[in-house]
Amino acid sequence: MPDQPHTHQILNPATEEVVATVPATGAAEVDTAVVRAAGAQRRWAAAAPADRARLLRRFAAVVDDHVEELARLEVKEAGHTLGNARWEAGNVRDLLDYAAGGVERLTGRQIPVAGGLDITLLEPLGVVGVIAPWNFPMPIAAWGTAPALAAGNAVLLKPAETTPLTALRLAELALEAGLPEHLFQVLPGAGDITGQALVEHPGVAKIVFTGSTRVGKEIMARGARLLKRVTLELGGKSPNIVFADADIERAAAEAPMAFLDNAGQDCCARTRILVQRTAYDRFLELLTPAVRSVVVGDPSDEKTQMGPLISRVQLERVRGYVPEDRAAVRGSAPDGPGFWFPPTVLTGVAADDPAVTEEIFGPVAVVLPFDDEEDAIRLANDTAYGLSGSLWTRDIGRALRVSRAVAAGNLSVNSHSSVRYSTPFGGYKQSGVGRELGPDALTAFTETKNIFISTEA
């Protein structure tokens with residue numbers, strides 16, 4: 001295991017200024033945290049369900065009192081627009097509230113059997129490690145943390161190196177709300193040090209990871225040595241399928257923010273826009289001004305719709321996919337400090353081009369024509385990923401046929417909505433393993449125990 005610096009500097013992506021210096025967690029400190037979490041978890045699981053639910057609702061209320069503070073922190077460390085950051089902080093609150101409602105409804109079953117009574121119990125796993133990404137630091141951290149706590153587990157959260165500030169503040173707010181000490185701990189540090197120590201620790205029962213498919217595979221392989229449970233939310237290359245019978249004006253107007261939200265740093269970004277050939281020219285005619293009208297700039301400005309990329313490394317990665325002469329449509333972006341890349345649309349690109357097949361994770365989309373329903377499905381499924389997608393049509397029969405045929409975990413018709421805390425989320429193929437959110441979220445953090453009681457004399 002390589003050495004890591006004792007501290008990490010956190011940069012504001014919009015200005016490149018250092019906004020904080022955060023201590024890094026070493027392997028020995030991870031071990032100490034696991035031991036402490038295990039003790040806290042046993043006491044937490046033994047508490048009355050109503051008491052656990054009450055504390056989680058109190059945590060949600062405390063988060064609600066600090067939504068603006070958390071949002072401003074997110075703007076500083078992640079470059080998110082202020083409106084997005086406020087939504088993200090509110091989503092943490094809502095996730096905690098929703099999970100709290102499941103504490104007293106986490107029930108087993110009574111199964112009819114001969115010669116006795118058979119029941120199942122859902123019991124907590126123990127200590128859960130959540131490894132959160134930098135693209136949505138707050139809500140995705142809460143996707144794992146809230147249901148894991150509600151199911152009676154302790155949580156060790158490792159935020160991304162570049163975005164630990166909101167996670168650290170949430171841990172402080174948890175204590176302020178009355179959650180037991182050591183039940184929810186935040187361990188900043190590098191993925192190959194702190195994250196690896198969590199994955200390989202025998203005292204951590206499950207890892208929840210959101211990030212690249214490459215790292216997700218490494219985590220799955222390392223965890224397999226201990227038969228460690230994993231939930232993995234990984235990459236995406238989602239299609240936005242526009243049929244000629246759709247409301248083309250609306251589809252074109254809503255397409256830009258389907259791939260420009262969070263500067264395209266979104267696994268669900270609809271970066272492959274597939275348009276039926278008979279509507280292709282009209283769609284591009286409408287899409288061009290819509291893309292160019294997106295306001296890119298200071299993320300703390302209420303009018304801004306798109307902020308910077310997270311880092312210089314990410315900026316260079318995105319540039320590598322878009323030579324200057326390839327952009328059919330290019331918006332504007334600030335000059336000067338910050339990791340800025342303009343909204344960009346590519347056309348006339350071969351179906352096997354890296355810009356079509358690889359996850360760019362930036363504000364870049366490609367537009368490809370298709371001939372008919374069969375062709376649309378073929379193009380939509382011509383990817384290693386299967387996380388999300390949209391389709392636009394007025395034909396309800398077609399909407400259902402295509403939704404069933406597209407190999408993706410989350411589809412929207414005449415909408416780009418992918419994530420709600422009340423519905424399941426996860427991917428097909430190389431986009432991940434397992435599901436998060438929704439009414440079954442708590443059960444993913446439990447073991448099922450079967451008990452048979454003989455009634456025979």
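Since we're looking at a predicted model, the values are computed, not measured.
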>> For Glu123, give me all partners under salt bridge (Lys or Arg N to Asp or Glu O under 4.0 Å), at least two apart in sequence or on another chain.
In response: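 Here the qualifying residues are Lys449.
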Indicate whether the side chain of [X] and that of [Y] have a donor and an acceptor atom separated by less than 3.5 Å.
{"X": "Thr288", "Y": "Arg330", "result": "no"}
{"X": "Asn84", "Y": "Asp261", "result": "yes"}
{"X": "Trp392", "Y": "Asn240", "result": "yes"}

For [Y], is there any backbone N or O sitting under 3.5 Å from a side-chain donor or acceptor partner on [X]?
{"X": "Asn410", "Y": "Gly426", "answer": "yes"}
{"X": "Asn450", "Y": "Thr120", "answer": "no"}
{"X": "Thr145", "Y": "Ala142", "answer": "no"}

> CG of Asp64 to CZ of Arg57: how many Å apart, nearest 0.5 Å?
Replying inline: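 Rounded to the nearest 0.5 Å, the CG-CZ separation comes out at 14.5 Å.
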Should [X] and [Y] count as an ion pair when the cut-off is N to O under 4.0 Å?
{"X": "Glu68", "Y": "Arg86", "result": "yes"}
{"X": "Glu104", "Y": "Arg52", "result": "no"}
{"X": "Arg93", "Y": "Glu88", "result": "no"}
{"X": "Arg222", "Y": "Glu218", "result": "no"}
{"X": "Lys76", "Y": "Glu17", "result": "no"}

>> As a quick check of understanding, evaluate ring pair (Phe, Tyr, Trp, His ring centres under 6.0 Å) for Trp143 and Phe425, giving each step before the final call.
In response: CA-CA 10 Å; Trp143 289 8; Phe425 180 81; 5.2 Å; yes
Can I get a per-line list of side-chain donor-acceptor pairs under 3.5 Å for residues 172-191, giving both atom names and the distance, sequence neighbours left out?
residue, atom, partner, partner atom, Å
Glu172, OE1, Arg169, NH1, 2.8
Gln185, NE2, Ala33, O, 3.1
Gln185, NE2, His182, O, 2.9

> Where do Ala150 and Leu442 come nearest, in terms of heavy atoms and distance?
Replying inline: CB-CD2, 3.7 Å
> Distance under 6.0 Å and angle within 45° of the ring axis: does Lys206 meet both against Phe445?
Replying inline: yes
>> Would you say the rings of Phe136 and Trp87 are close, in the sense that their centroids are separated by under 6.0 Å?
In response: no
> Does CZ belonging to Arg105 count more than 12 external heavy atoms closer than 6.0 Å?
Replying inline: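 No - once you tally the heavy atoms of other residues, nucleotides and ligands closer than 6.0 Å, there are 12 at most.
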>> Taking ring pair (Phe, Tyr, Trp, His ring centres under 6.0 Å) as the definition, give me every residue that meets it alongside Phe59, ordered by chain and number, with sequence neighbours left out.
In response: none
>> Using the rule side-chain contact (heavy atoms from CB on, under 4.5 Å), only one of Val208, Val215, Val199, Thr210 pairs with Ile131; which is it?
In response: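 It is Val199; the other options fail the test.
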